[in-house]
Amino acid sequence: MLKSLEKLEEQFPEFKFDYSPSQRVGGGITKSFDSVVHKNAMLSLSNTYSEGELLEFDRRVAKGLEGQAYEYMCELKFDGVAISLWYEGGILQKAVTRGDGTRGDDITTNAKTIRSIPLKANANMPASFEVRGEVFMYRQVFDEINTEKANRGETLLANPRNTTSGTLKMQDSAIVARRKLDCFLYYFKSDEKVAETHEDAIHLLERSGFNVSQTYQKCQNIQDVLEYISKWEELRFTLPLDTDGIVVKVNNFAQQDQLGFTAKSPRWAIAYKYKTQNALTLLRGVTFQVGRTGAITPVAELDPVLLAGTTVRRASLHNANEIERLDLRVGDYVFVEKGGEIIPKVTGVDSSKRHQGLPHFHYISNCPECGTPLVRKEGEAVHYCPNEKSCPPQVLGRIEHFIQRKAMNIESLGPETIRGLLDHGKINDIADLYELTFDDLNGLEFKVYGDKKDDQSVRTLREKSAQNIIDSIELSKSQPYDRLLFGLGIRYVGSTVSEKLADGFPDIHLLAEASYEALVQVPEIGERIAESVRQYFGDPANQRLIARLTAHGLQVKTEDNKEKASNNVLEGKTFVISGVFDRMSREAIQDLIKKSGGKVLTSISSKLDYLLAGKNMGPSKLEKANRLHIRMLTEDEFFEMIK
Ligand code: IVH
């Protein structure tokens, strides 16, 4: 529909409105952002950090209002980037950053890609008004971007707020659109008097289609405010975005005007910042993790300590330079902090608590897993273990990468089973997976690790799981070529790059022989990726690996459409999936149905073809299916059907 809308707009430009949904997908390039003067200065709030300071604020408000009764509105303080939106005749005209408070940058093209910012307000709003809010990125979206970056071996982004800020200033709005920013609105201003209080204004925004966070609360007095603060102190960590405090606002607009502003901030509002969640704890030791690419990460092993709602036992130390900068020694008391990042980090040492004579820390010079001397490339902070072929965590990491859902989707094979297979010498690389037999797996003993370091037990793989693994390995052979390419774990080749490479070279053998020049011809393939691809396929060991994978029947070229059609064994059939399954997760089964031409529905009706019934299926679904005589499939029957 969007595509046909775009076509129509091209044909009839007189009907291409600024608020058309076609504006959302981005594509507009902003070479430089125009500077715009704010209609109303965008002041910041003064910060408080304690109950005492907040009580003082309340006394100032009471004094300023000379005995009138007043109420507060409390909201969370979202950790993002402030934005001002100007509407005329209900249509979004401009989106401007805070800048220095007087002037900001015009980022309208980018802001339009944020779907929760209405391009057109949908109630009886004044002819002209301004809305302000906070643009932010959900932690999950941020993590996904970083996972992609990690897969490509790139430097990770620091936190969602900086990423939001960087994203809003990107020149290509199509990339902004892909980054899935969001926005909460918390301020409304208009020359026409349409709201008496902040609460009215918030409700008006809600009614007109603006995204208002449902965490606001009216408070009758400062005691209620303090309660709100303590309620959200821990609860805020359950929200999907970062918050760093709360904002208290005098509710009544006439009273806000009466209180007015200082040079820097309003007298009618204040921010209360939660203390940066940090804790002091003992550094028991430093261990070293070896990643899939051989990168060494030092990890602080800590005395368990409660921080931002979770118990922290380990924290990142980044690299050797960081340890040196902190002059860290085992036995020190260290500050651990939870910033925007999920993994806590050590930010400092409490030197007053240091026992005399703690020895200096010496960074390792050999791989802790395989003993190979580490290397550090010129200008890089990270040490690497160069023993790619036989360093156990690198081998394990490569196999784990290969079996993940986005690659070969061999989900029944978990990390612990892989480790068991490696320990017993049954596999050593990804091609070995396709040579596994039922007997290799049945009865295999493998270790299962608990939360704690020494918490470990031994399990045995049973017949049914062994068969499931064999089946899903077999099934993985039909994963498309670009997934296989991603699964190989070539440095800088994440899932998006794999798709581009597969488009450019529809057969792995063509890709393997492609010259550097041919590689950089492919859209979005730069020098670094091209070099990495050349290096990978230039290695005779990798050439042998590809030959073995090809011999096992994996998809080493882009399927043509004819072949695709013949896989549509579930063409036109509808399914409802319910309960828990042994061989695959529900999501994976869903994918499989879709890939085979079927459709997955969420509710049972008489038109439904099959109910795929797993364990612990809800009784009401079962009852309804029986009543409507819907054909029920067990997991085994389903797999038989698509065999
Ligand atoms: S009200 C004049 N409400 O905090 C007061 N601000 O230091 C306008 N912020 O620039 C701000 N969440 O970027 C307000 N619920 C909220 C907020 C909020 C985050 C940010 C905003 C502002 C800064 C104030």
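Just follow the structure's listing: the first ligand is 1, and inside any ligand the first atom is 1. Sequential numbering from 1 along the given sequence is applied to the chain's residues.
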Exercise for review: Run the ring-centre check on Tyr87 versus Phe210 and record whether the distance is less than 6.0 Å.
Suggested key: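 Yes.
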Point to revise | Asp191: salt bridge (charged side-chain N to carboxylate O under 4.0 Å, His left out) partners, not counting sequence neighbours | key: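 Expected list: none.
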Check your understanding: Mind checking what residues have non-hydrogen atoms under 4.0 angstrom from ligand 1?
Key ->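 Its neighbours under 4.0 Å (heavy atoms only) are Ser44, Leu45, Glu75, Leu76, Lys77, Phe78, Ala82, Arg98, Glu134, Tyr186, Val247, Lys249, Pro266, given by chain and number.
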Review point. Is a side-chain N or O of Asn321 found less than 3.5 angstrom from the main chain of Ala381, in a donor-acceptor match?
Key: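 Checked: no pair found.
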Review point. Is a side-chain donor or acceptor of Asp58 paired with a backbone partner of Ile222 at a separation under 3.5 angstrom?
Key: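 Not a single qualifying donor-acceptor pair exists.
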Practice item. Can you tell me which residue pairs pass the salt bridge (charged side-chain N to carboxylate O under 4.0 Å, His left out) test with a partner in residues 59-68, sequence neighbours excluded? Key: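 Checked against salt bridge (charged side-chain N to carboxylate O under 4.0 Å, His left out) - neighbours excluded - no pair reaches residues 59-68.
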Review point. Which residues pass the side-chain hydrogen bond (donor to acceptor under 3.5 Å, both in side chains) test with Glu14, sequence neighbours left out?
Key: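 Residues passing side-chain hydrogen bond (donor to acceptor under 3.5 Å, both in side chains) with Glu14: none at all.
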